[in-house]
Amino acid sequence: MPSPRSLAELERRVAEERDRPAYGDDALISCDRLVRIFTADGVEVQALQGLDLLVTRGELMALVGASGSGKSTLLNILAGLDVPTAGAARVDGYDLLAMDAKARLSYRREVVGFVWQQTARNLLPYLTAAQNVVLPMQLAGRGGRRARRARAARAGELLTMLGVGHCHDRRPVQMSGGEQQRAAIAVALANNPSVILADEPTGELDSATAEQVFAAFRTANEELGTTVVVVTHDHAVADAVRRTVAIRDGRTASEVVRHTHVDEHGQESSVAREYATVDRAGRLQLPRDYTEALDIRARVLLELEPDHIQVWPDTPPEQPRP
């Protein structure tokens with residue numbers, strides 16, 4: 001039977017847990033222990049294995065990872081194009097596991113904008129750039145018939161803001177790949193979404209054109225306040241955002257956070273620091289080059305210090321630790 005003191009301590013901890021804000025309470029995007037399992041020919045593949053991710057409103061961030069790591073699966077779930085197997089995922093108040101077909105359609109039209117890697121998938125070939133931007137507003141019923149001029153004006157404003165105003169009356173075949181991608185960003189912004197998701201948007205472009213396309217994402221983020229999440233293999237893009245999250249084996253593995261540092265002489269410099277991420281279950285992934293360097297395989301020894309945790313490779317008792 002617990003003592004009154006231990007019982008009081010237990011009650012205090014339960015009360016603190018109850019009063020604590022829910023996980024991701026103030027985040028625009030919240031993924032909690034997200035799981036996605038695909039089955040083919042009786043074989044199960046876990047694309048996401050309990051992934052946790054929080055994205056705050058107004059962020060411009062990148063997701064990176066090797067092929068098969070789960071980053072594109074995550075993006076499709078956030079876009080409402082796929083449904084997770086288990087866990088929880090919310091975007092701007094929408095529960096991505098609980099939406100019916102009607103709510104999912106509304107979500108894709110109004111809450112998220114999506115930009116594909118393949119330029120041909122983003123624009124209808126028989127419409128001009130301006131007509132492509134107007135189309136999502138028409139499908140969403142924005143403003144009714146009397147708002148035709150307002151829709152046309154918004155299309156022109158978005159194209160001009162993203163540096164492709166000169167493509168207003170051009171069809172995709174008359175535009176370069178970079179112009180098509182910037183027009184695609186304008187299409188994604190048409191209904192003023194909370195977040196834009198982009199899957200390798202610079203993958204088919206040369207470095208100079210890729211910089212122009214990424215500058216368009218930055219413009220949307222800074223001028224409209226739109227949250228932007230980009231999946232990329234492009235190091236130039238990943239290094240240009242404040243936060244880069246690496247996904248490995250279906251979980252977030254590490255984050256690189258960048259900030260501007262001003263020294264005593266007033267000189268500004270960009271400082272980047274890499275962190276291992278700890279999920280909701282307390283798990284973290286050690287970087288592969290670290291584990292290989294110390295021949296860490298099955299287990300490690302942990303020692304708690306007042307202000308840090310020491311991680312030691314498992315060595316035979318007769319061998320001293322380094």
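Sequence positions, counted from 1, serve as the residue numbers for this chain. Values reported hereafter were calculated over all heavy atoms of this structure, with side chains retained and with hydrogens, waters and symmetry mates removed.
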Side-chain heavy atoms of Leu28 within contact of Ser194, under 4.5 Å: yes

Test item: Trp312 and Leu294 side chains (from C-beta on) under 4.5 Å apart, heavy atoms: no

Shortest non-hydrogen separation from Ala62 to Ala238 and the atoms involved: CB-CA, 4.2 Å

Closest contact, heavy atoms only, Cys31 versus Leu78: SG-CD2, 3.9 Å

Intermediate values then yes/no, salt bridge (Lys or Arg N to Asp or Glu O under 4.0 Å), Arg242 and Glu59: CA-CA 8 Å; Arg242 182 180 177 275; Glu59 266 199 271; 5.1 Å; no

Nearest-0.5 Å distance, CG of residue Asp169 to OG1 of residue Thr128: 6.0 Å

Set of salt bridge (charged side-chain N to carboxylate O under 4.0 Å, His left out) partners for Glu204, sequence neighbours left out: none

Flag if over 12 foreign heavy atoms under 6.0 Å of NE2, His166: yes

Any donor-acceptor N/O pair, Thr202 side chain to Ala210 backbone, under 3.5 Å: no

Main-chain N/O of Leu302 paired with Gln310 side-chain donor or acceptor, under 3.5 Å: no

Main-chain N/O of Arg299 paired to Asp314 side chain as donor or acceptor, under 3.5 Å: no

Stepwise side-chain contact (heavy atoms from CB on, under 4.5 Å) check, Leu158 with Leu224: CA-CA 10 Å; Leu158 288 173; Leu224 301 179; 4.2 Å; yes

Crowding at OH, Tyr290 (>12 non-hydrogen neighbours, <6.0 Å): no

Inter-residue atom distance Thr73.OG1 - Ile77.CD1, 0.5 Å rounding: 6.5 Å

Counterpart residues, side chain to side chain contact (heavy atoms under 4.5 Å, CB included), relative to Asp295 (two or more places apart): Arg297

Where Asn122 and Ala184 come nearest, the two heavy atoms and their spacing: CB-CB, 3.4 Å

Common cluster, Tyr94/Leu75, ILVMFWY with side-chain heavy-atom separation under 4.5 Å: yes

Check: Gln181 side chain, Pro201 main-chain N or O, donor-acceptor pair, under 3.5 Å: yes

Check: Thr160 side chain, Glu157 main-chain N or O, donor-acceptor pair, under 3.5 Å: no

Which residues share a side chain to side chain contact (heavy atoms under 4.5 Å, CB included) with Ala188, sequence neighbours left out: Val115, Ile196

Sidechain-backbone polar pair: Asn221 side chain, Gly225 backbone, donor-acceptor under 3.5 Å: no

The single option from Thr227, Thr226, Asp92, Asp26 passing side-chain hydrogen bond (donor to acceptor under 3.5 Å, both in side chains) against Arg57: Asp92

ILVMFWY clustering at 4.5 Å (side-chain atoms), partners of Tyr275: Val257

Neighbour count above 12 (heavy atom, 6.0 Å) for Arg283 CZ: yes

Set of residues satisfying side chain to side chain contact (heavy atoms under 4.5 Å, CB included) with respect to Gln174, sequence neighbours excluded: Arg170, Arg171

Under 3.5 Å, which donor-acceptor pairs do the side chains of residues 63-72 form with other protein atoms, sequence neighbours left out?
from, atom 1, to, atom 2, distance (Å)
Ser69, OG, Ala66, O, 2.8
Lys71, NZ, Gly65, O, 2.9
Lys71, NZ, Ala66, O, 3.3

Within one Ile-Leu-Val-Met-Phe-Trp-Tyr cluster: Val133 and Ile185, side-chain cutoff 4.5 Å: yes

Shared-cluster residues of Val173, by chain and number - hydrophobic side chains joined below 4.5 Å: none

Arg218 side chain vs Ala240 backbone, donor-acceptor pair below 3.5 Å: yes

Within one Ile-Leu-Val-Met-Phe-Trp-Tyr cluster: Leu123 and Leu205, side-chain cutoff 4.5 Å: yes

Chi angles and distances behind the side-chain contact (heavy atoms from CB on, under 4.5 Å) call for Phe114, Asn76: CA-CA 9 Å; Phe114 201 92; Asn76 286 335; 4.2 Å; yes

From Val164, Thr219, Thr209, residue fulfilling side chain to side chain contact (heavy atoms under 4.5 Å, CB included) relative to Arg182: Val164

Side chain to side chain, Leu197 and Trp116, heavy atoms closer than 4.5 Å: no

Gln285 CD to Arg288 CZ distance, which is reported to the nearest 0.5 Å: 8.5 Å

Salt bridge (charged side-chain N to carboxylate O under 4.0 Å, His left out) partners for Asp234, two or more places apart: none

ILVMFWY cluster, Val228 and Met161 together (side-chain gap under 4.5 Å): yes

Listing, residues 39-55 side-chain donor-acceptor contacts under 3.5 Å, not counting sequence neighbours, or none:
from, atom 1, to, atom 2, distance (Å)
Gln49, NE2, Asp249, O, 3.2
Asp52, OD1, Arg33, N, 2.6
Asp52, OD2, Arg280, N, 2.7

Met175 CE to Gln180 CD distance, which is reported to the nearest 0.5 Å: 5.5 Å

Check: Pro136 main-chain N/O paired with Asn191 side-chain donor or acceptor under 3.5 Å: yes

Interatomic distance, Leu159 atom CG to Glu179 atom CD [nearest 0.5 angstrom]: 11.0 Å

Residues in salt bridge (charged side-chain N to carboxylate O under 4.0 Å, His left out) contact with Arg154, at least two apart in sequence or another chain: none

Test item: Leu124 and Leu135 side chains (from C-beta on) under 4.5 Å apart, heavy atoms: yes

Return all side-chain donor-acceptor pairs below 3.5 angstrom for residues 82-91, not counting sequence neighbours, or 'none' if the list is empty.
from, atom 1, to, atom 2, distance (Å)
Asp82, OD1, Arg36, NE, 3.3
Asp82, OD1, Arg36, NH2, 3.1
Asp82, OD2, Arg36, NE, 2.9
Thr85, OG1, Ile37, N, 2.9
Arg90, NH2, Gly93, O, 2.8

Hphob cluster co-occupancy, Val195 + Ile247, side-chain heavy atoms under 4.5 angstrom: yes

Distance in Å, Met61 CE paired with Arg243 CZ, rounded so as to fall on 0.5 Å steps: 4.5 Å

Stepwise side-chain contact (heavy atoms from CB on, under 4.5 Å) test for Phe214 and Leu60: CA-CA 11 Å; Phe214 181 72; Leu60 171 60; 4.0 Å; yes

Leu139 vs Arg109, side-chain contact (heavy atoms from CB on, under 4.5 Å): CA-CA, chis, key distance, verdict: CA-CA 8 Å; Leu139 293 175; Arg109 284 180 176 174; 4.3 Å; yes

Salt bridge (charged side-chain N to carboxylate O under 4.0 Å, His left out): pairs with one or both residues in residues 111-123, sequence neighbours excluded: none

Thr244 and Arg258: side chain donor to acceptor below 3.5 Å: yes

